[in-house]
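Data first, discussion second: the structure below is written as structure tokens.
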Amino acid sequence: MATVLHAVFGYFFLLLTVRILTRRPGGQLTLFEFVIVFLIGGVIILSTVGKDRSLTNCVCAIITVGLLHQSVSWLRARYPRFGVIVDGTPLLVLDRGKWDTDLMKKMRLDENDVMAAARSKGLTSLTQIKYAVLERNGSISIIQAEASKSEA
Amino acid sequence: MPAAPHLKPVEDTVPMVHGEVAIGEDLEFQRRWWRFERIVWIAFALIVLLDLLGVFGKGYFAKGHIHQGPVEVKFERVERLGTPSIMTIHFAPEAIHRGTVQLWVSESVVGDLGNRRIIPQPESSTVGNSGVSYIFPASGGRSSVLFALQPASPGVFRFALRVPGVNEIRSRVVVMP
């Protein structure tokens, strides 16, 4: 029973910790997925299984974490609001030639991060960007100024 | 015949910026989240500070020290579940009678606080009076007895120690999960 309780606490504690670490640009995994990586990495697993290294205990811990992950996934899909809490919301950092400096400061993002994302799209200048969006997984989406004009 | 797949027509449900880009930004939520983050970080910093001070065990504020006549007890006021610690009992020469030291410890020392070992080994141990009485051979001078503890469950546990001719020593230990 202690293993299950420790696993539940460990899962949600790590979810909270990783979630408040704030997205960094260039992230490949969502924060939500990082939780699993961390758990498998074994920080909390030490207190989860404790000294009981029996197969029974480890299987119970893994099943608990798996069920929690499945439940959180279901809740994210079922309730978009819950998804926003777990993964965050996309944020507009560059809006038609204007930086949201307050937002960038809080998200620890700078112009170079946006330019790096722009370069990967083949853009050579910040002036070619119409919108830059910090996505939930930490990546930056670029919407090109010329492209959006041509579409209009 | 396989069931027809459930198909739903596409709708523009993601909120748009300036009516041209569907981003789904929720800045109001993000502002609330930043406030929440600040509170959590303050709480985390506080936890680390308290831990450094030993409030959660293994530090300055966790050290327990009781002096009662010829008996001095040093122990951890805050223990951690399954983590070994030492309770040391020093006896001044006045506590030694006829080459022995008698010590009674409450059952909680053996049970709740998880006594694993006694150093040195007692000459005899007798159960009774809701505890265990030990007799240790002593040759005079200042002597010490060590109890190696390892609590098996979290909680707040009271313990008591008795030495003939000395008032009962009582205290409590918090075992962190």
Side-chain angles (χ1 to χ4, degrees), chain A residues 1-2 5-6 9-10 13 15-23 31 46-52 80-98 100 102-108 129-136 140-145 147-149 151-152, chain B residues 6 8 10-51 56-58 78-85 112 114 116-117 148-155 175-177:
Chain A
M1 184 186 158
L5 294 176
H6 284 200
F9 178 81
F13 181 72
L15 187 63
L16 171 72
T17 306
V18 176
R19 177 72 176 86
I20 67 159
L21 283 175
T22 308
R23 277 168 284 176
L31 297 170
L46 293 172
S47 77
T48 303
V49 295
K51 287 180 180 168
D52 183 353
R81 198 72 192 158
F82 186 77
V84 170
I85 292 169
V86 173
D87 282 334
T89 173
L91 295 166
L92 190 60
V93 292
L94 194 157
D95 182 0
R96 296 180 302 183
K98 286 181 182 161
D100 188 332
D102 184 43
L103 188 148
M104 289 171 73
K105 191 178 162 192
K106 283 176 174 160
M107 299 308 290
R108 294 165 216 155
I129 304 171
K130 189 168 190 183
Y131 298 106
V133 182
L134 177 61
E135 300 291 357
R136 284 145 63 117
I140 298 170
S141 297
I142 301 291
I143 294 158
Q144 208 175 330
S148 89
K149 270 179 198 164
E151 281 168 15
Chain B
H6 180 72
K8 182 184 162 190
V10 175
E11 291 172 36
D12 241 338
T13 51
V14 178
M16 300 187 94
V17 172
H18 307 306
E20 59 176 351
V21 191
I23 294 176
E25 184 184 48
D26 188 345
L27 213 48
E28 191 43 49
F29 167 81
Q30 190 59 39
R31 289 200 182 100
R32 284 204 302 273
W33 183 264
W34 281 328
R35 282 196 291 273
F36 171 71
E37 267 186 10
R38 207 175 305 133
I39 293 165
V40 173
W41 282 121
I42 291 168
F44 279 7
L46 205 62
I47 288 169
V48 171
L49 183 70
L50 292 174
D51 189 47
F56 305 130
K58 302 275 176 195
V78 185
E79 302 247 17
R80 289 177 185 176
L81 178 68
T83 305
S85 72
D112 299 326
R116 294 280 178 273
R117 204 151 49 105
L149 307 177
Q150 196 171 344
S153 58
V175 179
M176 300 293 289

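Hydrogens, waters and symmetry mates play no part in the numbers below; they use all other heavy atoms, side chains included. Note on naming: letters A, B, ... go to the chains in the order of the sequence lines (proteins, then strands), and numbering restarts at 1 for each one.
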State, yes or no, whether a side-chain contact exists between Arg96(A) and Val17(B) at a heavy-atom distance under 4.5 Å. no
Stepwise, does the side-chain contact (heavy atoms from CB on, under 4.5 Å) test hold for Thr89(A) with Trp33(B)? CA-CA 10 Å; Thr89(A) 173; Trp33(B) 183 264; over 6 Å; no
For chain A, the option from Val40(B), Leu27(B), Asp26(B) that forms the most heavy-atom pairs under 4.5 Å: Asp26(B)
Considering only heavy atoms, which portion of Arg32(B) lies under 4.5 Å from any heavy atom of chain A: side chain, backbone, both, or neither? side chain
For Val21(B), is it the side chain, the backbone, both or neither that has a heavy atom under 4.5 Å from a heavy atom of chain A? side chain
Option from Glu25(B), Gln30(B), Arg31(B) for which side-chain contact (heavy atoms from CB on, under 4.5 Å) with Leu103(A) holds: Glu25(B)
Thr17(A) OG1 to Trp41(B) CH2 distance, which is reported to the nearest 0.5 Å: 7.0 Å
Separation between CG of Leu16(A) and CZ of Phe44(B), rounded to the nearest 0.5 Å: 4.5 Å
Heavy atoms of Gly24(B) and Pro90(A) approach each other most closely as O-CD, 3.7 Å
Applying side-chain contact (heavy atoms from CB on, under 4.5 Å), can you list everything that pairs with Asp102(A), at least two apart in sequence or on another chain? Asp100(A), Lys106(A)
Select one option (side chain, backbone, both, neither) describing which atoms of Val133(A) are under 4.5 Å from chain B's heavy atoms. side chain
